[in-house]
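I have placed the structure first, in the form of C-alpha cells, so that the comments after it can refer back to it.
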2 protein chains.
Amino acid sequence: MPERSPKGRENFSRKREAILNALRNTDAHPTAEWVYRRLKPEYPDLSLGTVYRNLGRFQEAGQAVSLGVIGGHERFDGDTSRHAHLVCERCGAVVDVYGGLPEPGELERISRLSGCIVQSASVTFRGICGKCAKEDGDGA
Amino acid sequence: MPERSPKGRENFSRKREAILNALRNTDAHPTAEWVYRRLKPEYPDLSLGTVYRNLGRFQEAGQAVSLGVIGGHERFDGDTSRHAHLVCERCGAVVDVYGGLPEPGELERISRLSGCIVQSASVTFRGICGKCAKEDGDGA
DNA sequence: TTGTAAAGTAGTAATCGTTATTATTTTTGA
DNA sequence: TCAAAAATAATAACGATTACTACTTTACAA
C-alpha cells in the first residue's frame, strides 16, 4: 500500500503519485507504455490515458522533461537536472551522459552570433552504451 | 521541364530528383507534407508515400538527415554538414545554428568518462529565431 | 460522518503522421 | 521495340497519442 504524501496539497491522486515515483525511480527514460506496464499490477484499473495525461502535466509543472520521440515512442525523464543523453545503436537504451552540454556562456555567444535568442540546449549522442560496449569487449 | 542529371546512373527517377532538389533548395527543414505540397503543382500525380519513401532512401544514402519529430512532424535536412538547429518557440521555425556542437575531441573525452562509445552528437536549441526576435525589437 | 462540488480517471473512440500493399507505370539496357 | 527491374499512385493499415464521456475519487466544510 503506497503512502500518501504528508499534506495532500498537490499530487493528491494516488495514481499520479505512483506515476511520478515510477518515473523518478528509474533511469530507463521510459515511455508512457513502460510506466503503464510497470504500474498495472499494483493498479489494475490504471488507464494508459492517465499515464499520458499525467506525464504531460508533469512537464508543464517542470517535474519531468520529454526527450522527444526515439524509435517511434516519446520518452520521458524525471530527472530535470542539466544533462545529456546517449541513444545506444545496439540495444536502443537511452542513458544519461554528463558533459557535452554547451555552457550558459556559450549559449550567449551563439545568441550574439546568430541573432537568435538561445534559451536552452538539448544534446543527444548516438553510439554504443556502456553495457553493450562491455559485451563487445568481452567477445560476447 | 526539369532537366535530368547528366548520366542517369543514380536518382534516375524524375520525382526522386525533384524531391531531393526541393529538400536541397530550402532551409526550412521541411516535413514530408511540405515537400509534397511544394511539388504537387508541377507533379500532379505525385503521391505522399513517394515523398516518404524517398526521404527515407536519402537518409540511408547519406544525402539527407532527419532532425527528428518536432511538433508531431518529422523534419528533414538536405544539408548534411555539421551544424546545429534552433526551434523557435514563437513561430515553430527550425533554423540552422553554427556553433554549439561538441568537437570530436570532446566526444572522445566523454567516451572515456562515460564508458560509452560516442559516435555523434545532435544539438537542438530552443529559443526565439532571428526573425521573431527582430519583430519583438521593432515593437511588433 | 455526510454532502457536494471540483478534480481525476477508465474505457473507448477518434485522430493523424507514417508505413505497407498492390496494381500500374516508368525506366533501363539490350 | 522489348522485357525485366525499379518506382510510383492510390489506398488501406498501423500505431502512438489525444479526445471524449460517464463514473469515481478527493477535498473540504457543516
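Letters go in sequence order (proteins before strands), and every chain restarts at 1. Given the structure is predicted, the values throughout are model-derived calculations rather than measurements.
- Comparing atom distances between the A:Arg57 side chain and each of C:dT18, C:dG8, D:dA6 picks out C:dG8 as nearest.
- Note on B:Glu74: only backbone sugar-phosphate atoms sit closer than 4.0 angstrom, heavy atoms only; bases stay farther off.
- A:Leu55 places its CG atom 15 Å from the P atom of C:dG8, with the value rounded to the nearest Å.
- Between B:Lys40 atom NZ and D:dA9 atom C1' the separation is 9 Å, expressed in whole Å.
- Comparing D:dA9, C:dG8, C:dT27 against the side chain of B:Leu46 picks out D:dA9 as the nearest.
- Between D:dT18 and A:Tyr52, no contact under 4.0 Å exists linking OP1 or OP2 to a side-chain N or O.
- In terms of modelled atom types and a separation under 3.5 Å, the side chain of B:Arg16 and the main chain of B:Arg57 share no donor-acceptor contact.
- Between the CD atom of A:Glu33 and the C1' atom of D:dG15 there is a distance of 11 Å, rounded to whole Å.
- Listed by first then second residue, pairs satisfying side chain to side chain donor-acceptor pair (under 3.5 Å) with a partner in residues 87-103 of chain A read A:His29-A:Asp96, A:His83-A:Asp96, A:His85-A:Asp96, A:Arg90-A:Asp136, not counting sequence neighbours.
- Between A:Leu48 atom CG and C:dA13 atom P the separation is 15 Å, expressed in whole Å.
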For residues 112-120 of chain A, which side-chain N or O atoms pair as donor and acceptor with protein atoms under 3.5 Å away, sequence neighbours left out?
{"residue": "A:Ser114", "atom": "OG", "partner": "A:Ile110", "partner atom": "O", "Å": "2.7"}
{"residue": "A:Ser114", "atom": "OG", "partner": "A:Cys116", "partner atom": "N", "Å": "3.1"}

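- Distances were taken from every side-chain heavy atom of B:Arg53 (C-beta onward) to each of D:dT8, D:dT18, C:dT9; the shortest belongs to D:dT8.
- Atom CZ in A:Phe76 sits roughly 10 Å away from atom C1' in D:dT17 (whole-Å rounding).
- When each of D:dT8, D:dA16, C:dG11 is scored by its nearest atom to the side-chain atoms of A:Ser47, the top-ranked nucleotide is C:dG11.
- For the pair A:Glu17 CD and D:dT25 C1', the computed distance is 14 Å after rounding to whole Å.
- Atom-to-atom, OH of B:Tyr43 to C1' of C:dT25 comes out at 16 Å; the value is rounded to the nearest Å.
- For A:Thr50, the side-chain atoms get nearest to C:dT9 when compared with the rest of C:dT9, C:dG17, C:dG11.
- As a whole-Å value, the separation of B:Glu60 CD from C:dT19 P is 11 Å.
- Counting only heavy atoms from C-beta on, B:Arg16 has its side chain closest to D:dT8 among D:dT26, C:dT28, D:dT8.
- Electrostatic pairing of A:Lys40 and A:Asp45 does not count as a salt bridge here, judged by no charged N lying under 4.0 Å from a carboxylate O.
- Between A:Lys15 and D:dT25 there is no side-chain polar atom (N or O) within less than 4.0 angstrom of OP1 or OP2.
- Proximity of a side-chain donor or acceptor of A:Thr50 to a complementary backbone N or O of A:Leu46 within less than 3.5 Å is not detected.
- Nearest nucleotide to the B:Asp45 side chain, out of C:dA10, D:dA9, D:dA16: D:dA9.
- Donor-acceptor pairing under 3.5 Å, judged by distance alone, is absent between the side chain of B:Ser13 and the base of D:dA7.
- The nucleotide whose nearest atom lies closest to any side-chain atom of B:Arg14 is, among C:dT27, C:dT19, D:dA27, C:dT27.
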